[in-house]
Amino acid sequence: MSPRRILVTSALPYANGHIHIGHLVEYLQTDIWVRFQKLRGHRCVYVCADDTHGTAVMISAEKEGISEEDLIARMHEAHVRDFSGFQIEFDNYGSTHSQENRQLCAEVWAALRRAGLVVEKEVTQLYDPEKKTFLADRYVKGTCPFCKLPNQYGDSCDNGHTYSPTDLIDPVSTLSGARPELRSWPHLFVRIEKLHDFLQQWTQQGGHLQPEVANYLAGHFLGEPLRDWDISRPAPYFGFEIPDSPGNYWYVWFDAPIGYMASTLQWCKRVGEDFDRWWRDDGTEIHHFIGKDITYFHCLFWPAMLKTAGFNLPTKIHIHGFLTVDGQKMSKSKGTFVRASTYLEYLDPAYLRYYYASKLPPRVDDIDLNLDEFVAKVNADLVGNVVNLASRTARFAHTTGLSPRYPEDGGLFERAARDGEAIAEAYEKCDYNRAIRLILEASDRANQFIEQAAPWNLKKDRAKHDQLRDVCTVGLNLFRQVAIYLAPVLPRMAEQTGQLLNQPICRWDESKTPLVGKPVNRFQHMITRVRAEQVQAMIQASREPEEAERPAAAQAWDDGDEPLRAEPLAPTISFDEFVKVDLRVARVIAAEDVPEARKLLKLTLSLGGSSRRTVLAGIKGVYRPEQLVGRLVICAANLAPRKMKFGTSEGMILASGSGDEEIYLLYPDKGAKPGQRVH
RNA sequence: GGGCCCGUAGCUCAGCGGUUAGAGCAGGGGACUCAUAAUCCCUGGGUCGGGGGUUCGAAUCCCUCCGGGCCUACCA
């Protein structure tokens with residue numbers, strides 16, 4: 001087989017946050033694939049970069065009082081450190097804020113213009129007059145025009161109503177607290193519909209996408225005309241100004257994927273390669289690894305851009321699912337939102353590399369990091385089964401060395417050498433789960449062999465020295481095969497195996513030829529067992545301070561400013577306005593679930609005597625009905641009844657928190673009586 | 001409302017038209033002592049989410065329902 005030329009990318013991590021164990025699913029999946037290809041002898045280049053542009057970076061920089069450039073430089077450094085800690089090896093790790101990227105963006109842009117795909121349309125948006133900037137939906141808050149729920153984002157409210165930010169009642173900019181005004185501005189759009197036929201064909205044929213992804217696109221986007229893509233943002237915007245449209249900047253999703261090319265270009269300059277050979281040459285394969293959340297950009301816009309500008313199209317887009325921890329979404333308060341750097345303080349990266357590999361299917365399925373299983377798998381498979389194989393033979397072999405000729409082994413070496421093809425095929429298809437299972441089977445057979453050959457008995461009899469040497473030669477060669485097959489996942493172990501046997505592991509095919517006549521070095525532990533306490537310590541360290549236990553001796557409170565920032569103060573009101581709201585103490589005398597509703601509980605409140613109110617409260621996410629019965633709450637009692645899908649709500653009960661997972665009901669101190677007004 | 005993925009042993013998953021449905025871990029019993037309390041042997045455990053259908057034959061294909069996750073739209 002002649003060597004393939006393969007360019008591989010992972011999605012560009014956003015410069016606004018740190019790498020966490022969810023990101024690592026992707027970078028480890030990709031790194032393993034790249035290492036596999038290199039080990040197979042192919043020409044394979046792995047590029048990535050920080051995604052640096054957009055509003056979120058601007059806001060963070062301002063919040064910290066530093067320039068965007070300083071912020072992204074700092075994050076770049078942190079990202080690189082995290083990746084290298086996990087033995088993720090890029091050939092180039094760049095930034096979308098680079099000269100190369102600006103140049104390539106201009107090139108792609110010119111091609112879109114030339115093809116007549118760019119049109120200008122007025123867009124009317126809310127504008128923050130204080131910050132002199134247009135506001136994306138998530139930076140506007142106000143009262144839902146439908147249910148009058150206050151403090152809702154610009155596109156939808158917690159009760160599930162969707163609307164335009166211009167319909168919000170009393171909108172407030174979360175950037176400045178100012179009242180936004182409506183303004184229009186010309187935006188540039190890409191008429192992607194002109195490429196509909198091409199995209200239909202490209203997504204449905206040629207095996208570029210997993211079947212479920214192709215179906216998703218066909219059913220969801222390609223069944224109707226594709227909408228124009230709004231690709232420009234007015235200043236101020238951290239990004240690249242559009243050369244032929246001063247005052248406008250490319251939307252971050254335009255320049256981010258071009259960052260794949262820009263990073264390649266940087267690499268080409270550094271090592272003296274020809275860029276066109278990698279991006280304009282049918283002989284090159286391009287493989288993107290991404291998460292399912294960004295399917296839309298990579299499978300529609302990106303091929304459209306490449307096609308128009310005459311670059312290589314992706315050979316394959318490998319899409320993976322999300323990470324859950326112990327079956328649930330990662331959570332900051334539970335401590336399962338673990339940063340890469342935190343992980344590395346407590347655990348060996350080899351554990352996670354192995355664990356993810358053992359779980360990853362070729363499909364888009366989510367994968368679960370089950371912490372108990374993590375410990376069990378690492379200890380049982382990696383240490384107990386694989387490394388132990390070396391550990392239990394290398395000590396004997398240190399004195400004997402390897403036999404000059406490979407001894408009879410009942411066909412075990414041959415068998416594992418043959419299985420190499422099936423294992424390689426599994427890696428190629430990103431079916432790491434299957435690859436690992438096959439490898440573990442080989443390791444199992446080797447352990448059985450050792451057990452039965454009992455080198456510890458042979459050692460007792462000097463006359464059996466040669467037999468002992470033969471058994472160790474078999475055992476270590478079977479181990480070496482396993483180490484080769486696991487090299488993409490566990491590069492460190494492959495190196496250690498090379499040192500142990502005085503023969504570095506460089507090629508996959510070395511699994512086909514037994515190693516003989518070599519001295520064996522003193523065995524050193526390759527991977528240590530993991531203890532559940534270490535994992536627990538890591539989880540503890542990842543818990544957000546707000547959830548940590550309060551210190552008994554309350555010293556200075558260190559309350560963060562995030563809540564206030566997330567929801568700035570509303571405009572000042574007069575006392576007269578305040579007293580219009582009649583807040584009352586009320587007792588929950590009945591509570592029941594509204595099964596069809598995602599968030600609602602139906603509460604019956606007593607205001608004392610025979611006064612009853614039925615209130616539908618969106619607190620199901622946190623409170624169960626039985627917890628509430630008997631409790632005192634505070635209720636907005638003179639609110640106009642509101643007809644909702646599941647009945648009429650005659651008031652609201654007071655709670656703080658963002659909504660879904662975070663809700664804190666307010667209740668009065670002991671002694672308060674239902675019906676009392678709150679002044 | 002539409003779509004996608006998943007539902008197989010206590011747990012995590014494999015099998016995706018054909019012999020009595022598998023693995024690892026966990027459980028039970030035994031062996032061994034070289035090894036990081038590792039290893040080896042034996043063993044219990046499953047209406048393959050429910051129900052229909054296609055087929056000589058279905059965990060595997062089709063329909064439908066239920067449950068979990070996700071994406072996306074619209075109305076109010």
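Given the structure is predicted, the values throughout are model-derived calculations rather than measurements. Residue numbers begin at 1 in each chain, while the letters A, B, ... track the order of the sequences.
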Whole-Å gap separating P (B/rU12) and CG (A/L371): 13 Å

Verify whether one side chain among A/N385 and A/N447 offers a donor that lies under 3.5 Å from an acceptor in the other. yes

Can you tell me how far C1' of B/rC71 sits from CG of A/L222, to the nearest Å? 15 Å

Give me the distance, rounded to whole Å, that separates B/rG44 from B/rG30 when you measure between the C1' atoms they each carry. 15 Å

Report which part of the nucleic acid A/I450 touches: base, sugar-phosphate, or nothing (heavy-atom distance under 4.0 Å, all strands). nothing

Describe the nucleic acid contact of A/D372 in one word from base, sugar-phosphate, nothing, applying a heavy-atom distance below 4.0 Å. nothing

Looking only at B/rC25, B/rU36, B/rC32, the nucleotide nearest the A/W456 side chain is B/rC32

Span that lies between the P atom of B/rA37 and that of B/rC16, in whole angstrom: 38 Å

Ignoring hydrogens and geometry beyond distance, is a side-chain donor-acceptor pair present between A/N477 and A/Y406 at under 3.5 Å? no

Where the side chain of A/D444 is concerned, which of B/rC11, B/rU39, B/rC40 is the nearest nucleotide? B/rC40

It should be established whether A/Q448 places a side-chain nitrogen or oxygen under 4.0 Å from OP1 or OP2 of nucleotide B/rC41. yes

Per A/S391 side chain, nearest of listed nucleotides B/rU36, B/rC6, B/rU39: B/rU36

Heavy-atom neighbours of A/R392 CZ exceed 12 at 6.0 Å: yes

For the side chain of A/F396, starting at C-beta, report the closest nucleotide among B/rC70, B/rC13, B/rC34. B/rC34

Side chain of A/R529, heavy atoms from C-beta onward: which of B/rC40, B/rC70, B/rA38 has the nearest atom to it? B/rA38

Identify which nucleotide among B/rC25, B/rC40, B/rA14 has an atom closest to any side-chain atom of A/A380, counting heavy atoms from C-beta outward. B/rC25

Starting at atom CE of A/M493, determine the distance to atom P of B/rU36, rounded to an integer number of angstrom. 17 Å

For a quick check of understanding: with a heavy-atom distance under 4.0 Å over all strands, which category does A/V213 fall into, base, sugar-phosphate or nothing? nothing

Given the C1' atoms of B/rC4 and B/rU12, what is the spacing between them in whole Å? 23 Å

Counterpart base for B/rC4, defined by Watson-Crick or G-U wobble contacts under 3.5 Å: B/rG69

Between A/K460 (NZ) and B/rC34 (P), how many Å, whole number? 7 Å

Taking B/rA58 as the reference, what is the distance to B/rG51 when you measure between their P atoms (whole Å, please)? 14 Å

Between A/R363 and A/D365, does any NZ, NE, NH1 or NH2 come within less than 4.0 Å of an OD or OE carboxylate oxygen? yes

Separation between the C1' atoms of B/rU19 and B/rG3, rounded to whole Å: 39 Å

Base, sugar-phosphate, or nothing: which does A/V364 touch, judged by heavy atoms less than 4.0 Å apart? nothing

Classify the nucleic acid contact of A/R434 as base, sugar-phosphate or nothing, counting any heavy atom under 4.0 Å across all strands shown. nothing

Rounded to whole Å, how long is the line connecting atom CZ of A/R363 with atom P of B/rG7? 8 Å

Could you check whether A/N379 gets within reach of a base, just the sugar-phosphate, or nothing at all, counting any heavy atom under 4.0 Å? nothing

How long is the gap from NZ on A/K377 to NZ on A/K359, to the nearest 0.5 Å? 6.0 Å

Please determine whether a side-chain nitrogen or oxygen atom of A/R227 lies at a distance below 4.0 Å from atom OP1 or OP2 of B/rU72. no

Heavy atoms from C-beta onward define the side chain here; which of B/rC70, B/rU36, B/rG69 lies closest to that of A/M526? B/rU36

Once you round it to whole Å, what is the distance between C1' of B/rU33 and CG of A/N388? 12 Å

Just by distance, no angles: are the side chains of A/H287 and A/H318 close enough, under 3.5 Å, to form a donor-acceptor pair? yes

Side chain of A/K359 only, heavy atoms from C-beta on: which candidate in B/rC70, B/rA31, B/rU12 is closest? B/rU12

Could you tell me whether A/N447 contacts a base, only the sugar-phosphate backbone, or nothing, with contacts defined as non-hydrogen atoms closer than 4.0 Å? sugar-phosphate

Which is more 5' along RNA chain B, the nucleotide nearest A/D431 or the one nearest A/P455? Just name the residue. A/D431

Given B/rC40, B/rU12, B/rC6, the nucleotide with the shortest approach to the side chain of A/N370: B/rU12

Can you identify which nucleotide, out of B/rU36, B/rA14, B/rC5, has its nearest atom closest to the A/F523 side chain? B/rU36

B/rA23 pairs with which nucleotide, Watson-Crick or G-U wobble, both distances below 3.5 Å? B/rU12

Nearest-nucleotide check on RNA chain B, A/V387 vs A/K292; residue mapping nearer the 5' end is A/V387

Have a look at A/R395 and say if it touches a base, only the backbone sugar-phosphate, or nothing, with a 4.0 Å heavy-atom cut-off. sugar-phosphate

Taking B/rA23 as the reference, what is the distance to B/rC40 when you measure between their P atoms (whole Å, please)? 14 Å

Whether A/H187 side chain and A/D230 backbone form a donor-acceptor pair below 3.5 Å: no

Sticking with atom P, work out how far B/rG69 lies from B/rU8, rounded to a whole angstrom. 15 Å

Please report, rounded to the nearest Å, how far the C1' atom of B/rC34 is from the CZ atom of A/F479. 16 Å

Same-atom distance (C1') from B/rU55 to B/rG17, integer angstrom: 9 Å

What is the distance, to the nearest angstrom, from the NE2 atom on A/H320 to the C1' atom on B/rG69? 17 Å

Quick check: does any side chain N or O of A/R613 sit under 3.5 Å from a backbone N or O of A/E650, one acting as donor and the other as acceptor? yes

